[in-house]
2 protein chains.
Amino acid sequence: MKSRKVEISEMSFKEFSNMVEVSMENICKDIFHENRDSIKIKKEKVAVKNLTLIFNSTLKLSNRIGFQSMSLRDLSAASGLSMGALYSYFKSKDELAKIIQEQGRRITSDILDQEIGKGVNLADRMHRAVRAHLYLSEVMQEWFYFSFMEAKNLTREEQKRAIESELATENIFFDIIVEGEKAGLFKKHNPFLSASIIKGMLQDWYLKRWKYKNRGITVEGYADFVIEFIEAFILIKK
Amino acid sequence: MKSRKVEISEMSFKEFSNMVEVSMENICKDIFHENRDSIKIKKEKVAVKNLTLIFNSTLKLSNRIGFQSMSLRDLSAASGLSMGALYSYFKSKDELAKIIQEQGRRITSDILDQEIGKGVNLADRMHRAVRAHLYLSEVMQEWFYFSFMEAKNLTREEQKRAIESELATENIFFDIIVEGEKAGLFKKHNPFLSASIIKGMLQDWYLKRWKYKNRGITVEGYADFVIEFIEAFILIKK
DNA sequence: GTCTATACATAGATAGAC
DNA sequence: GTCTATCTATGTATAGAC
């Protein structure tokens, strides 16, 4: 029980938060360079600044009223950019959604891989996976909420990617569980169901953050609770 | 462990399904009578038939593309009723959403109360609450999905009601857990978090049914798993 | 690079014939 | 009770001035 606390201190929420911040800006730059054909702006500095502004405004509005309900006039008002200016940064509303999805997926994938790779054993890997996912969805709450709620508004191709990304995350847990069972550390259950349930618990954090916030639950507190809950089920007691 | 199986047999999914079917038609009739001012149709038989048709078409379309993206022309095509005819059954698109929400909430509340009331002790009540909620969300999967995903598209008043209903369901679990702790049957944890997590597990069933279906998981199988998972955490081992 | 003005499509909603 | 035809508002997207 104590050992978990030690592992947390290796990656506090604050440190984690900074790490994501850096990753986010880099990925924004990558996105700018990759989409130079559909982005009419030439200067990197102004483009990245406004892209960030547009992404954030879109996420804020979509979280409140939904991407479909958000008109580009709304987005124009929220971002302070005119309709014409907006269309210098993307060539359609659909493409805007696509770029935002892409950006979030990359950050998620980068950060999770990086963080889980540090795990020294299976229990540690499980803790890190849970904690990293929760911390990440805390920092990028709007994106995670957006990504879940707006999946239906994407093109079929983008939907496929979203599902793949979703299942990839779940597989991280699946793999840890299966390895743990083989090693005789975890009880034998249906590992697919266990992984699903764990994923669901993590999702609850960003889908219902208002509820947890109202009750004064912090992301660290929630992480501790989830880990305890999972371990009661999978760990073999000695 | 065996005792749970006995309790299930008191309410098989099939029986449950029939119970809901009846409740659904009755509530559809109630809704018709209560909204006689906004519904221009006089004959109960034709009104209830078409209302049911409209509700089902709306749910189907909304589940696929979202309520906001569904135009009334789409709904007209799917239901086989003309635009004009549709407006004889509701006076705005917003009102249509509202009526559907109302109908689902009533069924949910009726069925859950009825089913949980049968519980003979706290563990039994917990099992029944889990199972009833899962079975209900299986029968009415489209409604549950709609209700969760379209909350943002409702008026502020309706949003408040949706949240209240959500929290009421969660409170069922909260109360059972608190009573169980007092009675010395359940371990002491944070009962708010326990109730939240349980609610999230139930929600996962209807939010990701495609995933469970693809993997061949039945609702009964999922219910058994969830109950086992919960009990590993809350039950005091003897 | 950003703005204003505008084109064009599609949405919700209603009127009046049948 | 249901249909077709139509009104009006709003949405996405673009052209061209600055």
Side-chain angles (χ1 to χ4, degrees), chain A residues 28 32-33 35-54 57-58 61-62 64-100 150 152-155, chain B residues 28 32-33 35-55 57-58 61-62 64-100 150 152-155 158:
Chain A
C28 221
F32 165 64
H33 287 111
N35 291 278
R36 274 220 150 138
D37 52 331
S38 58
I39 297 174
K40 296 194 188 76
I41 312 306
K42 296 295 154 210
K43 289 180 197 160
E44 180 184 284
K45 205 178 165 185
V46 56
V48 169
K49 192 197 84 185
N50 281 336
L51 274 175
T52 307
L53 179 65
I54 292 169
S57 303
T58 303
L61 279 167
S62 296
R64 203 166 63 226
I65 61 172
F67 184 73
Q68 189 68 224
S69 299
M70 175 197 80
S71 73
L72 291 175
R73 285 183 175 92
D74 292 337
L75 181 59
S76 168
S79 65
L81 290 161
S82 68
M83 294 279 294
L86 288 179
Y87 276 91
S88 305
Y89 291 90
F90 50 80
K91 52 176 190 274
S92 73
K93 197 184 173 189
D94 271 2
E95 208 208 32
L96 171 59
K98 184 180 140 176
I99 298 175
I100 290 176
E150 309 301 345
K152 279 194 297 292
N153 292 322
L154 303 173
T155 59
Chain B
C28 219
F32 164 64
H33 288 111
N35 291 278
R36 274 220 150 140
D37 52 331
S38 58
I39 297 173
K40 295 197 189 74
I41 312 306
K42 296 296 156 207
K43 289 181 197 158
E44 181 184 285
K45 205 177 165 185
V46 56
V48 169
K49 191 197 84 185
N50 281 336
L51 274 174
T52 306
L53 179 65
I54 291 169
F55 291 168
S57 303
T58 302
L61 279 166
S62 296
R64 203 167 61 225
I65 61 173
F67 184 72
Q68 189 69 224
S69 299
M70 174 197 81
S71 72
L72 291 175
R73 286 178 176 84
D74 292 337
L75 181 57
S76 168
S79 64
L81 290 160
S82 68
M83 292 279 292
L86 288 178
Y87 274 92
S88 305
Y89 290 90
F90 50 78
K91 51 177 191 277
S92 74
K93 198 185 173 189
D94 271 1
E95 209 208 33
L96 171 60
K98 184 180 141 175
I99 298 175
I100 290 176
E150 308 301 344
K152 280 193 298 294
N153 291 321
L154 302 174
T155 59
E158 282 301 302

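On a predicted model such as this, the values are computed, not experimentally measured, just so you know. So that the names make sense, note that chain A is the first sequence line, chain B the second, and so on, each numbered from 1.
- The stretch residues 42-53 of chain B touches DNA chain D through K42(B), K43(B), V46(B), N50(B), each having a heavy atom under 4.0 angstrom from the strand.
- Remark: Q68(B) pairs with S69(A), N153(B) by the side chain to side chain donor-acceptor pair (under 3.5 Å) rule, at least two apart or across chains.
- Along DNA chain C, read 5' to 3', the first and last nucleotides having any atom under 4.0 Å from a heavy atom of chain A are dG1(C) to dT4(C).
- A heavy-atom distance below 4.0 Å to DNA chain C is reached by these residues of residues 79-95 of chain B, ordered by number: M83(B), Y87(B), S92(B), K93(B).
- In terms of modelled atom types and a separation under 3.5 Å, the side chain of R73(A) and the main chain of M83(A) share no donor-acceptor contact.
- Nucleotide dA5(D) holds its P atom 19 Å from the CG atom of L72(B), rounded to whole Å.
- Partners of T52(A) under the side chain to side chain contact (heavy atoms under 4.5 Å, CB included) rule, at least two apart in sequence or in another chain, are C28(A), V48(A), N56(A).
- Within the structure, every pair that satisfies the salt bridge (charged side-chain N to carboxylate O under 4.0 Å, His left out) test and touches residues 76-98 of chain B, not counting sequence neighbours, is listed here: K91(B)-E95(B).
- Annotation: salt bridge (charged side-chain N to carboxylate O under 4.0 Å, His left out) contacts involving residues 75-87 of chain B, sequence neighbours excluded, are absent.
- Residues satisfying the ring pair (Phe, Tyr, Trp, His ring centres under 6.0 Å) criterion with F32(B), sequence neighbours excluded, are absent altogether.
- S71(B) meets the side chain to side chain donor-acceptor pair (under 3.5 Å) test with D74(B); sequence neighbours excluded.
- Checked against ring pair (Phe, Tyr, Trp, His ring centres under 6.0 Å), F55(B) has no partners two or more places apart in sequence or in another chain.
- N50(A) is linked by a side chain to side chain contact (heavy atoms under 4.5 Å, CB included) to V46(A), L53(A), L81(A), Y89(A), counting only residues two or more places apart in sequence or in another chain.
- Contacts of K40(A) classified as salt bridge (charged side-chain N to carboxylate O under 4.0 Å, His left out), with partners at least two apart in sequence or in another chain: none.
- Nucleotide dG11(D) holds its P atom 15 Å from the CG atom of N153(A), rounded to whole Å.
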